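Data first, discussion second: the structure below is written as structure tokens.
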Amino acid sequence: MKLLRVLDLEGASEVEYSDLKKMVKLMRRLKFLSLRGCHEICHLPSSVGGLRQIQTLDVRHTSIVTLPLSIAKLEQLQYIRAGTNKAPAKRAQTSANHHLVYKVSNYCGGRQLVGVEVPPGIGKLTALHTLGVVNVSASGTECFLEELKELTHLRKLGVSGISKKNSNKFILATSDLVHLESLSVRLENNNGSCLDDSIPLPLLNLRSLKLYGLGNRLPNWNLQLAMLAKMDLEIAKLTEEDYVFPPLEGVRITPDGKKESTKGVIKILSELPRLCILRLRVHHLQDNVLDVSVITNDLEEDSFEKVKMFEIACSSSSKVTFGAKTMKHLEQLKVDCCSGSFLFGLKHLDELKEVLLKGSSYSDQALKTYLTRKLQNHPKSKKPALKLEELSSRC
């Protein structure tokens, strides 16, 4: 046992702190330790600082909310994966707008993790490639952000606790992370609009960006996101202005009878040139309509040309419309919407291979029947398949 290098206890629900303490004390040569899903573990023993050879520490989906001071001694650590699905108690005290964000988070299966508090000294772990999820506010914003600048080998970073007080400082602190390819950001309650267009995102090599807890707008960082291939977006509201009530198939019409020009979130997303995977989770759609086509001067433009996987999740009955020139290379469509939802324009998706129903849509017999008929009438010779996918709570 003393020579053991890998200890994977994922899902071992009966493991308790006393067991962990004994194992850590005995297995000093561990390089990999996973406690993922061990819900009974609420903190790590300080003796974890004796695991001087450890490279990977995974404590996701445990009850651990604080990492010990001794973790700063683990200078060979390359991967810290942490976070719990349990939201802090104060989350119940929200404004009406942020209540929408929290509601859609629960509705979408609670997959986003609540960050942990990290101790002073985390900046000494310069071998880190992956760090997250870290609660920036709980970890002492000024101290953590100064130490973050030292982690110049980071390729993947996840944070929570971002607010109006620290958002600009956080964005500026990432400017030294020149190798960062994946960034996940969860905003604090009542801070859905704290990400500011006026401060460019200094991360030109980002391939993956996840933004959770937005209010009703997306910062326009397109010039900095030319390399982005994957976007995961959770937003409370998607709204447009100056249009009359939309007709049945969800095409917005202006008072003078023209198609409404696309703007806002959909327009910004459509301008990401390498976007391949898009996940969009939204609570409130104006008039329950989402049109993912891009209209300019009453004409549809080619859009989302490289998107191969699109996931839409919403907490109300919705009408989702695909135009004749949008997502022409889409292969997989995932749907997690409430009963009474409709998808228009599937016939335009020339390369569609499958539609997956998950979450609320998983048990919606009416939607299954509707989509079965639509896919049977799809113009492809090999018809797209309709499949069911249970929503996992794991990240």
Side-chain angles (χ1 to χ4, degrees), residues 67 72 77 79-80 82-83 98 101 112-235 265 268-269 271-272 274-275:
L67 299 184
L77 258 181
Y79 305 93
I80 297 179
H98 198 86
V101 176
Q112 297 85 44
L113 295 174
V114 177
V116 299
E117 179 182 349
V118 297
I122 199 74
K124 297 176 183 178
L125 306 182
T126 55
L128 278 176
H129 289 181
T130 296
L131 174 62
V133 177
V134 174
N135 188 319
V136 175
S137 294
S139 302
T141 298
E142 299 291 343
C143 177
F144 173 72
L145 293 182
E146 280 302 311
E147 298 205 63
L148 180 64
K149 297 176 183 179
E150 303 299 318
L151 305 179
T152 55
H153 289 94
L154 273 182
R155 285 171 170 76
K156 187 173 184 178
L157 173 64
V159 296
S160 65
I162 300 299
S163 66
K164 294 175 183 177
K165 294 181 179 180
N166 61 27
S167 59
N168 289 350
K169 294 177 183 178
F170 168 71
I171 296 299
L172 292 173
T174 62
S175 60
D176 292 314
L177 308 181
V178 295
H179 299 294
L180 200 67
E181 296 180 355
S182 176
L183 175 63
S184 173
V185 178
R186 171 165 286 285
L187 307 183
E188 276 194 343
N189 296 351
N190 309 316
N191 286 270
S193 60
C194 70
L195 297 179
D196 194 345
D197 289 337
S198 64
I199 298 184
L201 189 68
L203 298 169
L204 301 181
N205 293 316
L206 268 190
R207 267 60 171 182
S208 173
L209 178 61
K210 302 177 182 180
L211 298 176
Y212 303 124
L214 293 174
N216 60 5
R217 61 183 297 273
L218 175 66
N220 193 348
W221 288 329
N222 284 8
L223 293 178
Q224 293 82 44
L225 298 177
M227 304 295 290
L228 197 73
K230 179 180 179 181
M231 168 70 88
D232 198 336
L233 185 64
E234 176 197 286
I235 190 166
V265 172
I268 292 173
L269 292 174
E271 293 172 347
L272 297 171
R274 300 195 180 190
L275 190 64

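Because the structure is a prediction, the values reported are computed rather than measured.
- Side chain of Glu234 to main chain of Tyr212: no donor-acceptor pair is present (N/O by atom type, distance under 3.5 Å, no hydrogens or angles).
- Contacts classified as side chain to side chain donor-acceptor pair (under 3.5 Å) and involving residues 218-229 (residues at least two apart or in different chains) are given here: Asn222-Glu271.
- Residue pairs satisfying the side chain to side chain donor-acceptor pair (under 3.5 Å) criterion with at least one member in residues 175-184, sequence neighbours excluded, are absent.
- How far CD1 of Ile162 is from SG of Cys194: 7.5 Å, rounded to the nearest 0.5 Å.
- No side-chain donor-acceptor contact under 3.5 Å links Arg274 to the backbone of Leu272.
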Extract all donor-acceptor atom pairs below 3.5 Å that involve side chains of residues 128-145 and protein atoms in other chains or at least two apart in sequence.
unit_1	atom_1	unit_2	atom_2	d
Asn135	OD1	Ser137	N	3.2
Asn135	OD1	Ala138	N	3.0
Ser137	OG	Gly161	O	2.7
Ser137	OG	Asn166	ND2	3.4
Ser137	OG	Glu188	OE2	3.1
Ser139	OG	Val118	N	3.0
Ser139	OG	Asn135	O	2.7
Glu142	OE2	Lys169	NZ	2.5

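- The line from CG of Leu269 to CG of Leu233 is 6.0 Å long, rounded to the nearest 0.5 Å.
- The shortest non-hydrogen separation linking Gly213 to Leu187 is O-CD1, 3.7 Å.
- The two residues Asn168 and Ile199 come nearest to each other via the heavy atoms CG-CD1, 3.1 Å.
- Looking at every heavy atom in both residues, Arg217 comes nearest to Leu195 through NH1-O, 3.3 Å.
- When all heavy atoms are compared, the tightest approach of Thr174 to Pro202 is OG1-CG, 3.5 Å.
- Looking at every heavy atom in both residues, Ala72 comes nearest to Leu125 through O-CD2, 3.6 Å.
- Of all non-hydrogen atoms in Lys210 and Ser208, the two that sit nearest each other are CE-OG, 4.2 Å.
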